[in-house]
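Everything numeric in this text was worked out from a predicted model, so none of it was measured. Throughout, a chain's letter reflects where its sequence line sits, starting with A, and its residues are numbered from 1.
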2 protein chains.
Amino acid sequence: MQIKIKDIYSQCSSLYEQELTIKAWVKSNRDSKKLGFLVLNDGSCFNNLQVVYKQDLISNYNEVASARMWTALEVKGILKSTPNAKQAFELVANQITILKASDEDFLIANNDLSLEVLRTNAHLRVRTNLFHSIMKVRSTLAQAIHEYMMNHDFLWVAAPLFTGNDAEGAGETFSLEKIDNEHFFSKPTHLTVTGQLQAEAYAQAFGNVYTFGPTFRAEKSHTNRHLAEFWMMEPEMAFTNLSQMQDHIEDMIKYVINKTLTINKVELDFLASKYDANLIQKLESVVNSDFKRVEYRQAISILEEAVKNGYEFENNTIAFGMDLASEHERYLCENHYKSPVFLQNYPKDIKAFYMKLNDDQQTVASTDLLVPGIGELVGGSQREACYDKLLNRINELHLPLSNLQWYLDLRRYGYYMSSGYGLGFERLVMYVTGVNNIKDTIPFPRSHGQIEF
Amino acid sequence: MQIKIKDIYSQCSSLYEQELTIKAWVKSNRDSKKLGFLVLNDGSCFNNLQVVYKQDLISNYNEVASARMWTALEVKGILKSTPNAKQAFELVANQITILKASDEDFLIANNDLSLEVLRTNAHLRVRTNLFHSIMKVRSTLAQAIHEYMMNHDFLWVAAPLFTGNDAEGAGETFSLEKIDNEHFFSKPTHLTVTGQLQAEAYAQAFGNVYTFGPTFRAEKSHTNRHLAEFWMMEPEMAFTNLSQMQDHIEDMIKYVINKTLTINKVELDFLASKYDANLIQKLESVVNSDFKRVEYRQAISILEEAVKNGYEFENNTIAFGMDLASEHERYLCENHYKSPVFLQNYPKDIKAFYMKLNDDQQTVASTDLLVPGIGELVGGSQREACYDKLLNRINELHLPLSNLQWYLDLRRYGYYMSSGYGLGFERLVMYVTGVNNIKDTIPFPRSHGQIEF
């Protein structure tokens, strides 16, 4: 019976003494003249399968004994329970076929490669246990997001990546080169920094929608938290206010983390052993905790108090109106609250034009979710639903009205209330895996000057 | 009790005589002085809710009676079973609050708008029954793809959209403009036309992987089948040959269509009434049929026979080596086989460099899935696993070896076998909805000269 290693693990008790066939790659191989052990992986799960091969059973014993790491093999053998060994079972080979050899210079055979070296070999690094674990968790998180959204009747919207608009103005944008001296789209075209405006148009028809796709920032930063190309999820919910949206965000984050804890236990255990011994407890505590909700004004007081008590930030000048830096955000969730925290109602001058002006005329109905180890994971707001107020804000900020007229017009046709947020997907992967460089959370990272593969 | 219209439909029998509160938009409104009827939709489902409002119950009767299309309302009322009426139930309002009015010039109030006019109003067209139906089906198909892949242990891989490579050379690519007179990524950068090469690297670690993301073609075509920005799913499967991949494709297509038939029956019925009375039967027959598998050589014979029998193609010159046009593909699946057909083993000269050369030295292990009404829906191949053969092909075609060395190197480390395909997602949406212009299958279409919103 042809089988995957994952299925051997999940059904092993019913498979003992049966002949199984697997196709897989060699992760390690040691022989002692008459007896050898192969550790195989077929990609179906983190766990490997141990194969025992014996000179008296295997006709091509010497060939097998010299099979190098990542050689592709087919093994036929009998699955044996091994209650006294480290692993619960092993496959005793009757026949081993070398499907494809692996060259001697296989980089990953060296166990001591730095993350930097692995990054410049992004096509091979995924064959390490570390990147196998990270990318499995990443995939689970993405699929769990779609699953959660589907279960809650959110429509998936493909926001366009090409835009004639540079509305949000969040950082630099990439632009398209002319083709045959002409703009392909008849005007200068940028790569989008957000799908929010289009998502709002769809929320006014479907109620609950979300985008999940790539976005781009032409920032020349060389930090461990920035990419030029990254994935964002941007839900938008009509008839929903800020507090209801926070309920949803908390529920969604807990769902996807819980899903990962359930189906990626082995990978998370491995990541915990590499990065953060408390990873599992950290994630479990997020699932079981109530996220705090704290006014921006209150956060300023807490930070002022911290400075008074001798805590030293790089920026110690704390005052209403300031844009919190990562160090401030992390102080709040890591030192003060020791849990995820929604900050809310930020000063309007440090936030985007489309956010709903609060009655105090100073703050807007915005919220950032701050999480320990990362800082901002989610940023969202209730949108300004009033045509005139939104128009004022566009004019105050000298934004190009002609590009935004359609967006403004949404307010003229039953736009009662809408809230939405952006989740930086790689930030979420960092948070859940414990990885501390964002370039290690995406298969082929793109950042200033880096575009291999 | 605050409730969504979708939930009223699914739980109605347990809700009769209860007081319900809904927030929704007006789709139509007619009153006869003492009694009025509102048809409301909240986006949660295609179905509307009928609300009866009576002058003796509603204090603001005149205000409600003048509420225009897409006014946002809150209605409190009692749900009544109406066994003798067209609809199974209605809400008899006790209280109606106007949450937000809708301006008089609401475009969608006009029922007779052409698809062209709607296309130039992509922010509003989704409020029509037609685009509501299309976009619901689109979202279901995308979510069902992720669900199917998750259930079958496929890892989702984000292929990079920025590439320093122009390897496949399938049509023109978009390039990034320099920033401050420099290439942001230190070299000329294009937007990808495929994530396949990167997916292959991941399949060699995980076995089964898939990308699902946007791709780009700078083609200046103004047909109803081309977009400059569209979504592709590109699975890649190690240890899998062409025929096993065809099994998977057939199973996946049937799964996602079946899912859509199950949860979007109402939308598909509506689409059937607009486009193709046989839509449901067509989709059911796909789910229940066995897809044919036909050699390219055999297809050429069938087309030659058709020409002999007087069938007139625009291109009547049929011969081995030709690239089939859409008219030929559609003849094969629509007229000859009357079902989806996998064509396989195409001449190597009309296919990409990475496809596995067959023993006849003339054809490659490639396959296109042809479906009635569309033509090519899926294109895939078994990959060339032999380093030397692949290198020969790269040299024969004068492809830039330096960009492809990493891809070639995959063959040096246990690359035994791999097959993969690309599914044009908007083509799938066209097929399942019956829509005949691809610009009506994506929320905000981008094509040559067109980049509104």
With a 4.5 angstrom heavy-atom cut-off, which part of [X] approaches chain B: side chain, backbone, both or neither?
{"X": "A:Leu191", "value": "side chain"}
{"X": "A:Pro214", "value": "side chain"}
{"X": "A:Ile108", "value": "neither"}
{"X": "A:Phe212", "value": "both"}
{"X": "A:Ser447", "value": "backbone"}
{"X": "A:Gln204", "value": "both"}
{"X": "A:Ser175", "value": "both"}
{"X": "A:Asn151", "value": "neither"}
{"X": "A:Ala238", "value": "side chain"}
{"X": "A:Glu147", "value": "side chain"}
{"X": "A:Tyr210", "value": "side chain"}

I'd like to check [X] versus [Y] (side-chain heavy atoms, cut-off strictly below 4.5 Å). Are they in contact?
{"X": "B:Lys220", "Y": "A:Phe184", "answer": "yes"}
{"X": "B:Phe185", "Y": "A:Arg446", "answer": "yes"}
{"X": "B:Trp156", "Y": "A:Arg138", "answer": "yes"}
{"X": "A:Leu161", "Y": "B:Phe216", "answer": "yes"}
{"X": "B:His146", "Y": "A:Ile145", "answer": "no"}
{"X": "A:His123", "Y": "B:Tyr407", "answer": "no"}
{"X": "B:Leu176", "Y": "A:Glu177", "answer": "no"}

message = I'd like to know whether B:Lys187 forms a side-chain contact (heavy atoms from CB on, under 4.5 Å) with A:Ile451, so could you lay out the CA-CA distance, the side-chain angles of the two residues, the decisive distance to 0.1 Å, and finally the verdict.
response = CA-CA 8 Å; B:Lys187 62 175 176 172; A:Ile451 193 165; 3.8 Å; yes
Max heavy-atom pair count under 4.5 Å with chain B, selected residue of [options]:
{"options": "A:Glu452, A:Lys23, A:Gln405, A:Arg412", "value": "A:Arg412"}
{"options": "A:His183, A:Glu229, A:Glu74, A:Arg127", "value": "A:Glu229"}
{"options": "A:Ala158, A:Ala122, A:Cys45, A:Gly207", "value": "A:Ala158"}

Where does [X] contact chain A at under 4.5 Å (heavy atoms): side chain, backbone, both or neither?
{"X": "B:Trp231", "value": "side chain"}
{"X": "B:Asp105", "value": "both"}
{"X": "B:Lys4", "value": "side chain"}

key: Residue pair A:Trp70, B:Tyr416: steps toward the ring-ring contact (aromatic ring centres under 6.0 Å, His included) verdict   = CA-CA 10 Å; A:Trp70 231 268; B:Tyr416 162 62; over 10 Å; no
When only pairs under 4.5 Å are counted, which of [options] shares the most heavy-atom pairs with chain A?
{"options": "B:Ala101, B:Ala201, B:Pro160, B:Ser186", "value": "B:Pro160"}
{"options": "B:Ile179, B:Val209, B:Asn121, B:Val126", "value": "B:Val126"}
{"options": "B:Met135, B:Arg411, B:Met69", "value": "B:Met135"}
{"options": "B:Ala72, B:Gly43, B:Ala24", "value": "B:Gly43"}

key: Heavy atoms of other groups near A:Gln2 CD, more than 12 under 6.0 Å   =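 Correct, the count exceeds 12.
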ask   = Should we say atom NZ of A:Lys6 is surrounded by more than 12 heavy atoms from elsewhere, each under 6.0 Å from it?
value =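 Not more than 12 within 6.0 Å, no.
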key: Backbone N/O of B:Phe154 and side chain of A:Gln143: donor-acceptor pair under 3.5 Å   =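 Confirmed, A:Gln143 side chain pairs with B:Phe154 backbone.
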message = Give me the atom names and distance for the closest heavy-atom approach of A:Lys100 to B:Ala385.
response =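 So the two residues come closest at NZ-O, 2.5 Å.
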ask   = Of the non-hydrogen atoms in A:Val157 and B:Pro443, which two are nearest, and what is the gap between them?
value =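 Shortest heavy-atom separation between A:Val157 and B:Pro443 comes out as CG1-CG, 3.8 Å.
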query = So B:Tyr413 and A:Phe106, would you call those rings parallel, tilted or perpendicular, with 30° and 60° as cut-offs?
reply =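 Aromatic pair B:Tyr413/A:Phe106 classed tilted.
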message = Go through it in stages, so that I can follow the logic: the residues are A:Phe174 and B:Phe162, the test is side-chain contact (heavy atoms from CB on, under 4.5 Å), and I'd like the CA-CA distance, side-chain angles, deciding distance and then a yes or no.
response = CA-CA 11 Å; A:Phe174 292 102; B:Phe162 289 140; 3.7 Å; yes
message = I'd like to know whether A:Asp153 forms a salt bridge (charged side-chain N to carboxylate O under 4.0 Å, His left out) with B:Lys136, so could you lay out the CA-CA distance, the side-chain angles of the two residues, the decisive distance to 0.1 Å, and finally the verdict.
response = CA-CA 10 Å; A:Asp153 294 320; B:Lys136 275 268 184 185; over 6 Å; no
inquiry  = Nearest 0.5 Å, please: how far is OG1 in A:Thr140 from CG in B:Leu155?
reply    =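 Answer rounded to 0.5 Å: 8.0 Å.
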Check: B:Phe444 ring centroid to A:Tyr202 ring centroid under 6.0 Å =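 When the ring centroids of B:Phe444 and A:Tyr202 are compared, they turn out to be within the sub-6.0 Å range.
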message = Walk me through whether B:Trp25 and A:Phe239 qualify under ring-ring contact (aromatic ring centres under 6.0 Å, His included).
response = CA-CA 10 Å; B:Trp25 294 285; A:Phe239 298 117; 4.8 Å; yes
Test log, rule ring-ring contact (aromatic ring centres under 6.0 Å, His included), inputs A:Phe206 and B:His132 = CA-CA 8 Å; A:Phe206 284 104; B:His132 184 107; 4.4 Å; yes
